[in-house]
Structure formats: C-alpha cells, structure tokens
Protein chains: 2
Amino acid sequence: MTIAPIHEQAAAAARARQDRLTKPTGALGRLEAIACWFAGRQGVAIPAPLVPHCLLFAGDHGVAVEGVSAYPPAVTAEMVRNFARGGAAINVLARAIGAEVTVVDVGVAADLSDLTAIVHAKVRPGSRNLAREAALTPEEWERAVAVGRRAAAAAIERGATLLLPGEMGIANTTPAAALICHLTGAPAAKVVGYGTGVDEEARGHKQAIVAAAVARAAPLSGEAALAALGGLEIAALAGAFLEAGARGVPAVVDGFIAAAGALAARAVAPGVEEWLVASHCSAEQGHRLALEGLGLSPLFDLGLRLGEGSGAALAVPLLQAALALHREMATFEEAGVSEGV
Amino acid sequence: MTIAPIHEQAAAAARARQDRLTKPTGALGRLEAIACWFAGRQGVAIPAPLVPHCLLFAGDHGVAVEGVSAYPPAVTAEMVRNFARGGAAINVLARAIGAEVTVVDVGVAADLSDLTAIVHAKVRPGSRNLAREAALTPEEWERAVAVGRRAAAAAIERGATLLLPGEMGIANTTPAAALICHLTGAPAAKVVGYGTGVDEEARGHKQAIVAAAVARAAPLSGEAALAALGGLEIAALAGAFLEAGARGVPAVVDGFIAAAGALAARAVAPGVEEWLVASHCSAEQGHRLALEGLGLSPLFDLGLRLGEGSGAALAVPLLQAALALHREMATFEEAGVSEGV
C-alpha cells in the first residue's frame, strides 16, 4: 500500500503567508502549524474549510467475560441503537460541527439487522476471548480492516476532507492496551488503565490478561499478532486510517482505542501517521505513550475517556479556526500595519 | 460592589442529569463540570446556548519608549483600524463563533476619531511611563474601569450571555506583569516574559523595570497601586470582569493581560472569579501563576500569545459543545441503555 506524498511546497507557501498576517510571528502558536500542515495535505497555500465525517465502528469482545469492563457487553448493541437514533455524545458533537455520522456494525454480538440507518458489515459477532485464545484469525482481521477502508472511501467519495474515526465496544480498552504494548514495547503496567471505570482489583486482572496475551502474541508475525490481540472495530479503525493515508485525506486520532488502531495502521504502512492529527490526550493511562509512538502531539487534555470519536469531533472547531485565521486575516500590507524589529 | 450569587441548586440538578446521560460517569471529563458550572450561573439545570460577545479594549503605554516591545507603539492604532475593518485574528474568530465585536478606544495615543465603528472612550492618550512615574492617577484608573463596565453592560443589554474581554496595546505585557507581581506576590523573574517576541537582553531590561515599579507601588493603597502599575485597557478589562460578576453573566479570561485585569478585578471585588472561565494558558511566562492566583484552570495550551481575546474566542466552541452534550444527549432511560456496575 502506498501512502500519499505531502506537498512540501504548499506547506512552505503557507508558512510564508503566516509570517505576513497581522500578528506577531508565532503568536498563534500551534494554530499556525496546523494551517501549514493542512496546506501540505491539501496541496494549496490557503487550505479550504474542512468537511468532516464521523466513522463510528462498533464491535464486541470475547474478553468481556473476564470482568474487564464496568459495563455489560449488551451496552455495545444498545449504544449502536442510541447512535442510530441520534442520542449519543458523538451525534450531538457531529451536529455541532456539521458532520455526517456513518455507523458501522463490524462485529457487534447482537442482531442489529432491523436498523436501516447503519452499515451492516459484521465480520463475526464479537472477537474471541484474548485471555484464552487468539481474538481473531488473520483473515478476520483483514476483513475488518477492509470494512474500515470501504467506509473511509465512501465518506471521501461523498466529499469528506477530514475523517473522524471513532469506536464503540464494551471491553475494548483491553485489546487496545494489548496492541499498544505489542506495537510500542511498553509494559502492560504502563499501558493498562481503568477504561470506563473499573476498580483497582479489576485493573490488576486486566493487566495480567494483557501481559499474558502480549507474551503469547510476541512470536507471531505481523498481522497474525495484530489479529491475536485486536478487535474488529480496532481493525476497522486501522483500515480507515490506512485509506485516509492512501487517498491523501487527513484523519483525526481520537482516544486510546483510536490510537491503537492508528499504531496498527502504521505497523502495516509506515508514513500513514503523516496524515494524522491527534485531538486529545485522554484520562486513560497509556494514551500518551501511544501518541508518542505515533509521533503525534495532542491538542488538548480535558480528561475525556468516552471514545465514539468524541475527542476528534471536539478538535474540529480548533482546526477550522486555524484555517479560517490563515484564510481571512489581513496581511501587514493589506492592513497598513507596521512590522516588528 | 456586590457579586451575583451562584445558583447551587441548579448546578446540583445539572450534576444529577450528567449522571443519567448515556456515557460512563465522568467520561466527558471537564465538559461535564463546564455544563454544571453554567447551570449554576444561568440558574437552570439545562443551560441555554451561549451568546458570546467580544469586548476589545485598546490603549497605549508610556513604558513603550523603554524598548520593552518588539513592535513600535504606532501598531496599537494601526491594529484598531484593522479591527474596525474586520481583518484581525479576533474578527475572524468572532465570525466563526457568531459573536459581535465591540472595539473600545480607552487610551490609544493617536487620533482615531474618524472611525465610526468603534466606541470612543479615551481617558487619556496612553498611560505614563511606569519606569519613571505612576502610569495612571487613581482617578484615571477609575475612569477606565468605568469604560469597561459600560461596555460590558451594553453587551449584556444587547443579549450577550458570555463576555469575551480582550485587549490591544503595544508594550502591555509590562504593566500586566507588574500588576501580576503586585497582586500575587510573585517575583518579576517568574512573571516577566518575552511578550510579542523581545530578545533576552530586552527581557532583562523589562524585568528590572517591572521589579522597580512594583517596589515603588508596594507602599501605595489599593487602587493607587493598581493605577501606578496598570494601563488603561487593563483597567477596562477589570471593569468588564467586575460588571460580569455584578450582573451574573460569565466571562472568559483570555491571556496574560486579561488575567492581570481579572486579578485587578478580584482585588476590588473578591468572588468575581466565580463568574470567570479560563480559556488557555499562553506561551507567556507568568500566565499560569496569574491563573493560579485566580483559582482558575485553563482549558488548553496551544502556545498562543496574541491577546485580542483570541484564546477566549477559541474556547467558545468547547463551552458550547459541553452545553450541547448536556442538553441533547439521551439519558439511559430514554435510550434503553444498561448502566454500569
């Protein structure tokens, strides 16, 4: 798979424009770098406003039977119904930024066939229990990656210029932690956190499960290891990031789970991270490690730990503001403002 | 002056609602606290969307002749003309959030009488040089505070429910640093920074000026000390915050200068900080100290150091998102979603 090249010349032209805008050089901090980054992705000195699109992948996890989550597995399917009705956090945030939401059942362990407003692409009804066996076969992992790629491609073909991949899957901080350990080399003690809110004892149990699974997967080759530790919605996230990189459309990395998906994408296609922006650093331990593994620096830390792409959606007004400033501010010449010494 | 009381019952009702929304308890991090905070300010369990209004106070500073800024003093007036034409950063950001901008000349050292789109309330054409004498008389300080109060009152009477006070004034990080030193007790070495971008030598000179001015003002009583160290637009910022607190309308604290104005307001009317939200932590050294002095925690740190209220405006989409989530998300009952253990 080939990752689209960056337009360095457009980024440099944007940098030159930033230095002519009526503000002290560098006074807009990271917003200046964001504008130049998007110039390099869109290939123009003055990037157009972003058309964001939320991709929401849902899947279940066999490891939920181990008591690693504060919520029962039924909540995955219940929340998909909530997404379909527009009542979840991501629906509210998507409305606020004018983004469409595509909900994809890539592996929910329940019959959702009555829902007409979602994409039905169930690879299997949840992953196997990674505490006992490989969560997925390499072929299942690949099929779920392909689901993510197709969803991203469809969004791009409908006009999206910024993808916001998110997820829902009770117990999915466990496979995400396992993938992050496997892909960064960090120990389980530094990556496993409290997820949606388990207690200290459950966290210890979760940590032992992750450490054992990572050890079991260590001898496996590339995708076999990802499949053994992963989950269907995480594979789909990886696919969405891969498609973004292949087509040259930026994507925002949401929370801990999305960062695991992005790391998995980079393991397959190094360079894909050049097309990614990190939104936030969550309350989940290990998120910062995962972002460092991607070479990404988050824009804010509001203690979020919801998933769904919620942090990614919250970042969009900041990104749009950076581009609006770049596009609309007067230059020193236009405004007749004196320059600094 | 009396500060409006907080509606604790409404805040508690909002907290109860947050715990019924379809997300793990606390998963929206600071956004949950923001929604409850606004409930306590608006006096209703479900706060209404915010109507933001930018107040932009401009003034000059006698201390500019000491070479404490990287920009010539003429830039203050030039930027006011840029604000009036809509070409500055705050104009772009205000458009993005649907906010009106009121530009107030409270002390620009230039004739701006040809501008019809701004409020003319010049107390004097710039402050005196605080390196040599008191920057303002107590009476001048008071008059500038009153300008800020009137501007805030007018915005509130036009329907604003969130004030975004900002400023423009070449060299104003010097008086702001002096006020922050005076009001927090922090030494000049920890508060004085690089402003719009002076070099290390100029910063050292600025630090010596601030330390000497703070020492000279130490024996003065309340407002006399604020006047000796302050600037006209900083006094107006203080006035805007005071009016916000008196009328019970929240205001967002922007950067280093705005934080100095908020500290000055609190020195006059303790409790006013209960009506303030901190937007960002800027690149300017001492900003964090000033926010700590106010008991406020910033929402993000993007390395901004522009002023104009730009950080305050950037915070508005996050605040609106917090309220939209609180207002629009389904509860567990409404969505038929199971709860955690």
Side-chain angles (χ1 to χ4, degrees), chain A residues 21-31 69-72 74-75 78-79 81-82 85-89 91-93 95-97 195-197 282-283 299-308 310 313-314 316-318 320-321 324-325 327-331 334-341, chain B residues 21-31 69-72 74-75 78-79 81-82 85-89 91-93 95-97 195-197 282-283 299-308 310 313-314 316-318 320-321 324-325 327-331 334-341:
Chain A
L21 299 178
T22 45
K23 58 176 176 53
T25 305
L28 284 170
R30 286 194 64 187
L31 301 186
S69 174
Y71 286 77
V75 168
E78 291 165 356
M79 283 300 294
R81 294 184 182 280
N82 197 17
R85 272 193 305 261
N91 302 106
V92 177
L93 295 171
R95 286 195 288 271
I97 60 171
T196 49
S282 74
L299 288 170
F300 51 86
D301 177 353
L302 295 170
L304 305 176
R305 50 182 175 78
L306 180 63
E308 301 181 7
S310 53
L314 281 165
V316 171
L318 287 173
Q320 299 279 35
L325 288 161
R327 205 166 50 234
E328 299 177 23
M329 276 180 75
T331 62
E334 287 162 1
V337 171
S338 308
E339 294 189 56
V341 289
Chain B
L21 299 178
T22 45
K23 59 178 176 50
T25 305
L28 285 170
R30 286 194 65 187
L31 300 186
S69 175
Y71 286 78
V75 168
E78 291 165 356
M79 282 300 294
R81 294 184 182 282
N82 197 16
R85 273 193 305 260
N91 303 106
V92 177
L93 296 172
R95 287 196 287 272
I97 60 171
T196 49
S282 75
L299 288 169
F300 51 87
D301 178 353
L302 295 170
L304 305 176
R305 50 183 176 79
L306 180 62
E308 301 181 8
S310 54
L314 282 164
V316 171
L318 287 174
Q320 300 279 35
L325 289 161
R327 207 166 50 234
E328 299 177 23
M329 276 180 74
T331 62
E334 287 162 2
V337 171
S338 309
E339 295 188 55
V341 289

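In what follows, chains are A, B, ... by sequence order, proteins preceding strands, each numbered from 1.
- A/R305 and B/P24 make their closest contact through NH1-CB, 4.2 Å (heavy atoms, listed as atom of the first residue, atom of the second, distance).
- For B/R85, the side-chain contact (heavy atoms from CB on, under 4.5 Å) partners two or more places apart in sequence, or in a different chain, are A/A335, B/R81.
- Looking at every heavy atom in both residues, B/A330 comes nearest to A/N82 through CB-OD1, 3.7 Å.
- Every side-chain contact (heavy atoms from CB on, under 4.5 Å) that A/L318 has, sequence neighbours left out, goes to A/F300, B/L302, B/L314.
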| request: Using the salt bridge (charged side-chain N to carboxylate O under 4.0 Å, His left out) rule, take A/R95 and B/E328 through it: C-alpha gap first, then chi angles, then the decisive distance, then the call. | output: CA-CA 10 Å; A/R95 286 195 288 271; B/E328 299 177 23; 3.0 Å; yes
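- Closest of all the heavy-atom pairs between B/T22 and A/G87 is OG1-O, 3.8 Å.
- For A/A96, no part sits under 4.5 Å from any heavy atom of chain B, backbone or side chain.
- The parts of A/A89 that come within reach of chain B are both its backbone and its side chain, each placing non-hydrogen atoms under 4.5 angstrom from that chain.
- When B/A27, B/G303, B/G29 are compared by the number of non-hydrogen pairs under 4.5 Å with chain A, B/A27 comes out ahead.
- Summarising the geometry, atom CG belonging to B/D301 is positioned 11.0 Å from atom CG belonging to A/L299; distances are rounded to the nearest 0.5 Å.
- Closest approach of B/A321 to A/L93, counting heavy atoms only: CB-CD2, 3.8 Å.
- Across B/V92 and A/L325, no two heavy atoms sit closer than the pair CG1-N, 3.6 Å.
- Options A/M79, A/E308, A/E334 differ in how many heavy-atom pairs under 4.5 Å they form with chain B, and the most are formed by A/M79.
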